[in-house]
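Note that ligands are numbered from 1 as they come in the structure, with each ligand's atoms numbered from 1 the same way. Keep in mind it's a predicted model, so treat the numbers as computed, not measured.
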Amino acid sequence: MSDSPISSRTTPTASRTFTPAAGLQIHPFDAPLGAEVFGLDLSQPLDDADFARIRQAHLDHHVLVFRDQRITPDQHIAFSRRFGPLQIHVLKQFQLARHEEILVVSNIIENGAPIGLGDAGHFWHSDLSYKETPSLGSLLHAQELPEEGGDTLFSNMHLLWDTLPAHLRRAVEGRRAEHTYLAKYAELQRRNPWRPNLSAEQIAEVKPVIHPVVRVHPETGRRALFVSEHFTTRIVDLPEDESRALLDELFSYVAQPANVYRHQWQPHDLVFWDNRSVQHLAAGCPDSMRRKLYRTTVEGDAPF
Ligand code: SIN
């Protein structure tokens with residue numbers, strides 16, 4: 001993907017002022033969301049006390065960064081499963097061999113064919129919002145990183161909702177919107193010739209769904225904007241032009257630096273985000289550079 005949607009590095013980055021100490025520690029970033037988890041080796045089983053702290057930190061900070069995790073795909077899957085059942089991505093073409101729970105996110109072409117989905121996060125989105133039960137959270141593990149670019153941006157949908165101008169809150173309160181996996185598919189295929197054609201079976205698997213425009217987080221009770229540039233096509237019961245104008249206005253707040261943490265990947269990072277609380281975007285990297293990450297996706301509840 002050569003046309004990076006975000007090329008500057010003006011958004012907050014992680015604070016790196018840590019002195020090693022024994023045991024699990026959670027250090028919030030100097031940013032509108034996110035924290036780094038220290039003192040955990042995810043190749044080892046997690047005891048119940050540490051698991052409870054990670055779960056709480058995930059609810060509190062929405063994005064957790066675990067550095068230098070030398071884990072296998074099986075260990076990645078096992079850790080992800082602690083949070084709930086895993087969802088299998090519709091693009092079966094890009095499953096990791098013998099690990100259908102892992103989606104390969106990569107721009108690498110091998111033997112004339114892509115090994116993964118190269119433009120997974122080209123538009124802001126919450127993973128699998130186009131399903132009846134969208135994702136609780138995603139866990140992305142770095143395998144191969146470019147020397148330049150390749151960052152992932154996360155925007156805090158609770159903060160966005162809490163600070164949205166009153167006229168916009170009134171305009172969307174109680175409204176519902178349509179989400180579909182196909183919303184940007186043809187556009188992405190035009191930009192990226194490697195994106196596969198979908199079979200009739202795959203298209204049938206991703207029928208449009210309707211969700212509230214503002215959802216309540218099922219565990220914290222906090223409200224969050226739940227419409228995205230990538231998957232939301234319209235607000236139901238509004239004329240097309242009004243719906244488009246309202247969505248575009250809402251989307252302009254998602255990218256605002258005041259709501260965003262920018263993750264600069266390091267080798268073997270594992271990043272675990274809450275799709276009920278954040279949207280994310282892949283900033284892109286030069287086509288000539290290789291980028292490969294493995295993603296699992298934990299199933300969540302039907303939004304309300
Ligand atoms: C994704 O949207 O899950 C991929 C994000 C990334 O490649 O940085």
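- When each of W273, F123, W124 is checked for a ring-ring contact (aromatic ring centres under 6.0 Å, His included) with H280, only W273 meets the rule.
- What sits closest to atom 8 (O) of ligand 1 on the protein, heavy atoms only, is T152 OG1, 2.6 Å.
- Within the 4.5 Å cutoff, the side chain of H89 has no heavy atoms near those of the V104 side chain.
- Here's the thing with H125: one of its N/O atoms is less than 3.5 angstrom from an N/O atom of ligand 1.
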Would H179 and F226 satisfy ring-ring contact (aromatic ring centres under 6.0 Å, His included), going step by step from the backbone distance to the final call?
CA-CA 10 Å; H179 297 234; F226 197 63; 5.5 Å; yes
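- When each atom of ligand 1 is checked for a heavy atom of V105 under 4.0 Å away, the hits are 7 (O).
- Residue G121 has at least one heavy-atom neighbour below 4.0 Å for each of these atoms of ligand 1: 2 (O).
- A salt bridge links D119 with R195; the closest basic N to acidic carboxylate O contact falls under 4.0 Å.
- The only member of F38, F272, F79 that meets ring-ring contact (aromatic ring centres under 6.0 Å, His included) when paired with F66 is F79.
- Looking from atom 4 (C) of ligand 1 to the surrounding protein, the closest heavy atom is A120 CB, 3.9 Å.
- At the top of the distance list for atom 3 (O) of ligand 1, counting protein heavy atoms only, stands R295 NH1, 2.8 Å.
- From the protein, the heavy atom lying nearest to atom 1 (C) of ligand 1 is H280 NE2, 3.4 Å.
- Considering backbone and side-chain N/O atoms, D151 never comes within less than 3.5 Å of an N/O atom of ligand 1.
- Between R291 and ligand 1, at least one pair of N/O atoms sits closer than 3.5 Å.
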Assess the residue pair H158 and H62 against the criterion (ring-ring contact (aromatic ring centres under 6.0 Å, His included)); give the C-alpha distance rounded to whole Å, side-chain angles, the decisive distance to 0.1 Å, and a yes or no.
CA-CA 10 Å; H158 299 306; H62 320 308; 5.2 Å; yes
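- Side-chain N/O atoms of Q75 and S43 include no donor and acceptor closer than 3.5 Å.
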